[in-house]
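Positions are given from 1, in the same order as the sequence printed here.
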Amino acid sequence: MINIPDLGSLHSKSKIVFLSGAGVSAESGISTFRDNGGLWEQYSIYEVATPEAWASNPELVQRFYNQRRKQLLEVEPNAAHLTIAELQQHFDVEVITQNVDDLHERAGSGKVLYLHGELRKSQSSADPALVYDIEGWEIKMGDCCEKGSQLRPHVVWFGEMVPMIEPAQELVAQSDLLVVVGTSLNVYPAAGLLHVARPGVPIIAIDPAELELHHFPAAFHIREKAGTGMQKLKHHLLGKG
Ligand code: OAD
């Protein structure tokens, strides 16, 4: 038995919202951003993840995301993604992910909201409403949308609007349990989603590192990697441990 809040009142119609970050995909072999050796130690955010970077060196930005996309084709969902998907058999599960990988979907999660875009898609640099699936891993300079503008990665860069934040807030506001997995909670507005949970709704964070959770009296921290942490949470939710 782990010492987490009593979740015995949850039933098949209860809504469990997972807010995931890079840590949920770490055990699949995808680097996180802010851990030792993370992507933001190897690259500058300002050179690869801002509209200014795209304006000044689009080839570098394109190369950065092409590499991420190529890697994505070589990795598989891990136990954490699979356990989250499995819980759909017992609860109304929604996933809000900050990740641009597709591992939740590939694990079988049916309801995934992408807060920061999707690596496997491109968008027109002139009209963000024009979004396309990418065949393979590469967007090449010279690949254009139907209006003739260069295609860029369909990801939200620092300094850009986060169009999916309102639907995400609605989901969290409806949740009966909020589970935060593998995110440092450093990036807003995503981190602000915890404030939207209704008073008294339990918040469970799964992350091996210390997190700033003191604003959330209802929060409980399972200090484990995503795979083992999710396994423990699943057993607890299903009344098996
Ligand atoms: P971070 O790199 O900031 O945080 C990753 C979190 O995962 C940390 O809290 C780690 O302790 C934790 N972690 C590491 N290994 C883990 C494991 N095996 N299991 C569980 N947790 C583990 O990544 P995010 O919080 O996702 O945005 O970053 C948020 C946003 O910042 C990203 O979506 C991206 C980034 O810059 C954009 O690019 C717009």
Side-chain angles (χ1 to χ4, degrees), residues 19-26 28-77 81 95-106 112-168 182-193:
L19 171 63
S20 71
V24 82
S25 296
S28 293
I30 298 182
S31 292
T32 62
F33 295 97
R34 295 176 183 79
D35 288 304
N36 285 338
L39 280 173
W40 296 152
E41 268 184 10
Q42 300 166 51
Y43 300 88
S44 151
I45 286 179
Y46 304 100
E47 281 171 5
V48 297
T50 62
E52 293 76 18
W54 175 250
S56 69
N57 194 346
E59 291 82 5
L60 176 66
V61 174
Q62 208 78 276
R63 213 162 42 239
F64 174 75
Y65 287 100
N66 281 343
Q67 278 173 10
R68 312 267 80 70
R69 202 175 298 110
K70 191 173 186 189
Q71 181 194 30
L72 181 54
L73 299 181
E74 293 157 4
V75 301
E76 298 293 336
H81 301 107
V95 177
I96 300 170
T97 189
Q98 297 167 84
N99 299 342
V100 293
D101 68 50
D102 59 356
L103 296 180
H104 282 296
E105 265 184 86
R106 276 159 58 188
V112 182
L113 183 154
Y114 292 93
L115 211 49
H116 293 162
E118 293 175 71
L119 203 46
R120 301 287 304 276
K121 294 186 175 170
S122 64
Q123 78 183 46
S124 163
S125 50
D127 179 355
L130 295 176
V131 173
Y132 307 90
D133 289 332
I134 299 175
E135 294 295 324
W137 57 273
E138 206 175 7
I139 307 178
K140 296 194 180 83
M141 295 310 290
D143 289 350
C144 291
C145 74
E146 67 216 51
K147 292 184 180 168
S149 293
Q150 174 64 46
L151 291 176
R152 54 163 271 186
H154 179 52
V155 298
V156 175
W157 288 324
F158 288 91
E160 291 189 314
M161 304 285 284
V162 181
M164 294 307 284
I165 192 66
E166 281 185 20
T183 172
S184 62
L185 297 172
N186 262 289
V187 172
Y188 283 79
L193 285 170

Q. When rounded to the nearest 0.5 angstrom, what distance separates CD in E76 from OG in S25?
A. 12.0 Å
Q: Kindly indicate whether the side chain of Q98, heavy atoms from C-beta on, has any atom under 4.5 Å from the side chain of T183.
A: yes
Q) Rounded to the nearest 0.5 Å, how far does CG of D101 lie from OH of Y114? A) 7.5 Å
Q) Once you round to the nearest 0.5 Å, how far does CD of E41 lie from CG of N36? A) 5.5 Å
Q: Taking all non-hydrogen atoms of both residues into account, name the closest pair between A26 and T32 and its distance.
A: CB-CG2, 4.1 Å
Q | Pairs involving residues 114-124, ordered by first then second residue, that meet salt bridge (Lys or Arg N to Asp or Glu O under 4.0 Å) (sequence neighbours left out) | A | D102-R120, E118-K121
Q) With a 4.5 Å heavy-atom cut-off, do P153 and W157 have their side chains touching? A) yes
**Q.** Side chains of Q150 and P58 in contact at under 4.5 Å (non-hydrogen atoms)
**A.** no
Q: Taking the side chain as every heavy atom from C-beta outward, state whether V162 and L115 have any pair of such atoms under 4.5 Å apart.
A: yes
Atom pairs and distances, donor-acceptor, side-chain atoms in residues 140-147, under 3.5 Å, two or more places apart:
from	atom 1	to	atom 2	distance (Å)
D143	OD2	K140	N	2.8
E146	OE1	Y132	OH	2.5
K147	NZ	D127	OD2	3.2

Q. Quick one: side chain to side chain contact (heavy atoms under 4.5 Å, CB included) partners of V100, sequence neighbours excluded?
A. H116, L119, V155
**Q.** Pairing residues for P163 by the side chain to side chain contact (heavy atoms under 4.5 Å, CB included) criterion, not counting sequence neighbours
**A.** V156
Q) Side-chain contact, heavy-atom cut-off 4.5 Å: H154 with S122? A) no
Q) Would a 4.5 Å heavy-atom cut-off, applied to side chains only, mark H81 and S20 as touching? A) no
Q: Starting at OG of S31, measure out to CH2 of W40 and round the result to the nearest 0.5 Å.
A: 11.0 Å
Q.
Filter on salt bridge (Lys or Arg N to Asp or Glu O under 4.0 Å), then keep only pairs touching residues 43-70, sequence neighbours left out; what's left?
A. none
Q: Let me see the working for Q67 and Y43 under side chain to side chain donor-acceptor pair (under 3.5 Å), right down to the final yes or no.
A: CA-CA 13 Å; Q67 278 173 10; Y43 300 88; 3.1 Å; yes
(Q) Using the side chain to side chain contact (heavy atoms under 4.5 Å, CB included) criterion, which residues pair with P128? Sequence neighbours excluded. (A) Q123
Q.
To the closest 0.5 Å, what do you measure between CD1 (I96) and CD1 (I165)?
A. 7.5 Å
Q: Decide yes or no for L151 and L130: does some side-chain heavy atom of the first lie under 4.5 Å from some side-chain heavy atom of the second?
A: no
Q: Output the distance between atom OH (Y188) and atom CG (L185), rounded to the nearest 0.5 Å.
A: 7.5 Å
Q.
Is there a side-chain contact between V48 and L39 in this structure, where contact means two heavy atoms from C-beta onward sitting under 4.5 Å apart?
A. no
